[in-house]
Amino acid sequence: MAAPSTPTEDTTLTEDDVRARTQAVLDSVGVDADEVTFRGALWDAGLAMVQFPVGKGGLAASPKLQGAVEETIRAAGRFFHPLATNTIGIGMGLPTVLTYGSEEHHEKYLRRIFTGEDWWCQMFSEPSHGSDVAGLSSRAVRDGDEWVVNGQKVWTSVAHISRYGMLLVRTDPDQPKHKGLSYFILDMHAPGVEIRPLYQITGEAEFNEVFFTDVRIPHSDLLGDVGDGWRVATTTLMNERVALGGSTAPRGSGNIGTLVDLWNKRGPELPVAERAIMRDRVSQLWIEAEVGRLTTLRARSNATVGNPGPEGSVGKLASAELNQRIWIACMDLLGADGMMHEPGYPLTREEGLGRGAQSLSKSFLRSQANTIEGGTSDIMRNILGERVLGLPGEPRVDKDVPWKDIPT
Ligand SMILES: Cc1cc2nc3c(=O)[nH]c(=O)nc-3n(C[C@H](O)[C@H](O)[C@H](O)COP(=O)(O)OP(=O)(O)OC[C@H]3O[C@@H](n4cnc5c(N)ncnc54)[C@H](O)[C@@H]3O)c2cc1C
């Protein structure tokens, strides 16, 4: 398969056009339509991801026009954000299948990902390979028109409720680690796929271990060429960092809004000196949240049609670390109450992503994952240093060695 071409942008569309098209969708399905109907109508009107091609959920327009869709819907009294459901499918699966999939893949998968009818998961990390994911060892061996997969993945968010998965496996152990990988769409209901829950510090199991025993995948579900998996995976990862990065929600909303509300409630009870220090901390965090929000808006207004580059790691790094500092401040304001959990601290199977982390203490616990999921902060700094700032790379002694000869 040749390298995917960069799509061209329709520069004639204006914000007013997009608002009018969004209003037409609202008029046709109504503001109270169920999520699948509403999202389906947006997809058909090209308003799901305006930067996507015409006929495939978009208008080939500048991604900055997406804000006009969201604002028009919010003004009509309905909350809408493309990633509010099926985050991994929409944030990562959708752009990857669009970029590397065939017309049949587009037809079969794209719309159902966006409507949330088919959830998707990402199966990259393995017990010995997280940051160094290119060194992974799950194997796929070709057998006629099929591939036979054996191995194990770990930390696979929402695998238990996913219909399909993005699977990165080794197809040629004689090649250096980045070159012997291939990328498949996996039917999560295929025989030989076993999913076991992993409980997190919050008590919820939103992620899993996934085991493969002689799982058969049709060759037609390969994305990119055989051995081209690293390039396809890079597209997924760059989109992941943007999806996990900064928010464009209204000023002062979200986690920082929670902190400010708590400050208004608890702040007056603090001793004078402590109150002054805490006020300073809350103000500083509010400023950082606003800087992050404005930076995300600026990035959106500069974005063009196509996949993001390594600069998406800026938002991921900054928002993950800020988020943790906000929840630490919440815990400090709560004092001993911050240690209280729901009675029994029940272990639950999470039916979404981060949906169970409702209480302040659980949100604090969940935020510990922010600097790990989607690549750790150390790895974000490496990417930014090497690929954005052009600093010297870290030593990579195993880069050109056949994977099978790398000591494990
Ligand atoms: C909530 C959550 C959800 C997740 N969901 C998914 C998912 O859906 N699919 C999936 O595939 N994975 C998922 N992951 C896994 C995640 O991508 C990995 O945990 C992450 O990439 C780190 O890998 P690791 O855990 O193996 O840690 P390691 O790679 O072993 O890292 C250990 C420590 O060493 C540091 N380190 C490692 N290499 C370097 C380096 N070169 N330079 C500097 N420091 C380094 C790391 O920063 C870290 O502090 C999820 C993780 C979490 C916490």
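All ligand and atom numbering here is 1-based and tracks the order in the structure. The first residue of the sequence shown is numbered 1, and numbering continues consecutively from there.
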| request: Ignoring angles and geometry beyond distance, decide whether F124 reaches within less than 3.5 Å of ligand 1 through its nitrogen or oxygen atoms. | output: yes
| Do the non-hydrogen side-chain atoms of H105 and I185 ever get within less than 4.5 Å of each other? | yes
| query | Is the shortest side-chain N to carboxylate O distance from E288 to R293 below 4.0 Å? | reply | no
| request: Going by heavy-atom distance to atom 39 (C) of ligand 1, choose the closest among I379, D378, L198. | output: I379
| message | My understanding is that only one of E269, K265, M278 makes a side-chain contact (heavy atoms from CB on, under 4.5 Å) with L333; could you say which? | response | M278
| note | With heavy atoms and a 4.0 Å threshold, my read on which part of V133 contacts ligand 1 is neither
| request: May I ask you to check if ligand 1 and N382 share an N or O to N or O distance below 3.5 Å? | output: yes
| task | Could you tell me whether some N/O pair between W155 and ligand 1 is separated by less than 3.5 angstrom? | result | yes
| said: Can you tell whether the side chains of R381 and E321 come within less than 4.0 Å, N to carboxylate O? | reply: yes
| So between G130, G165, S377, whose heavy atom ends up nearest atom 23 (O) of ligand 1? | G130
| query | Looking at atom 21 (O) of ligand 1, is any protein heavy atom nearer than 4.0 Å to it? | reply | yes
| task | Pull out every atom of ligand 1 sitting under 4.0 Å from any heavy atom of F207, numbered as shown with elements. | result | 1 (C), 2 (C), 3 (C), 52 (C)
| Heavy-atom distance to atom 3 (C) of ligand 1: which of S157, A159, S128 wins? | S157
| task | Kindly indicate whether atom 50 (C) of ligand 1 is approached by any protein heavy atom to under 4.0 angstrom. | result | yes
| query | Hey, looking at atom 36 (N) of ligand 1, which of S125, P127, S131 has the closest heavy atom? | reply | S131
| task | May I ask you to establish whether R74 and F79 are in a cation-pi arrangement, using a distance under 6.0 Å from NZ or CZ to the six-membered ring centre and at most 45° from the ring axis? | result | no
| message | Under 3.5 Å between any N/O of T376 and any N/O of ligand 1: does that happen in this structure? | response | yes
| task | Decide whether an N or O pair under 3.5 Å exists between Q122 and ligand 1. | result | yes
| Salt-bridged, R366 to E204, with N to O below 4.0 Å? | no
| query | With no hydrogens and no angle check, do the side chains of H160 and N208 hold a donor and an acceptor under 3.5 Å apart? | reply | yes
| field | Residues R266, D337: salt bridge by 4.0 Å N-O rule | value | yes
| said: At under 4.0 Å between heavy atoms, is it the side chain or the backbone of E394 that contacts ligand 1, or both, or neither? | reply: side chain
| message | Between R231 and D225, does any NZ, NE, NH1 or NH2 come within less than 4.0 Å of an OD or OE carboxylate oxygen? | response | no
| request: In plain terms, say whether R19 and E71 are close enough for a salt bridge, that is, a side-chain N and a carboxylate O under 4.0 Å apart. | output: yes
| query | What atoms of ligand 1 come closer than 4.0 angstrom to any heavy atom of A369? | reply | 1 (C), 53 (C)
| request: Scan the protein's non-hydrogen atoms and note whether one is under 4.0 Å from atom 10 (C) of ligand 1. | output: yes
| atom 30 (O) of ligand 1 within contact range, any protein heavy atom under 4.0 Å | no
| message | Quiz question: by atom type and distance under 3.5 Å, do the side chains of E126 and Q152 form a donor-acceptor pair? | response | no
| Which protein non-hydrogen atom lies closest to atom 19 (O) of ligand 1, naming both residue and atom, and how far is it? | I372 CG2, 3.4 Å
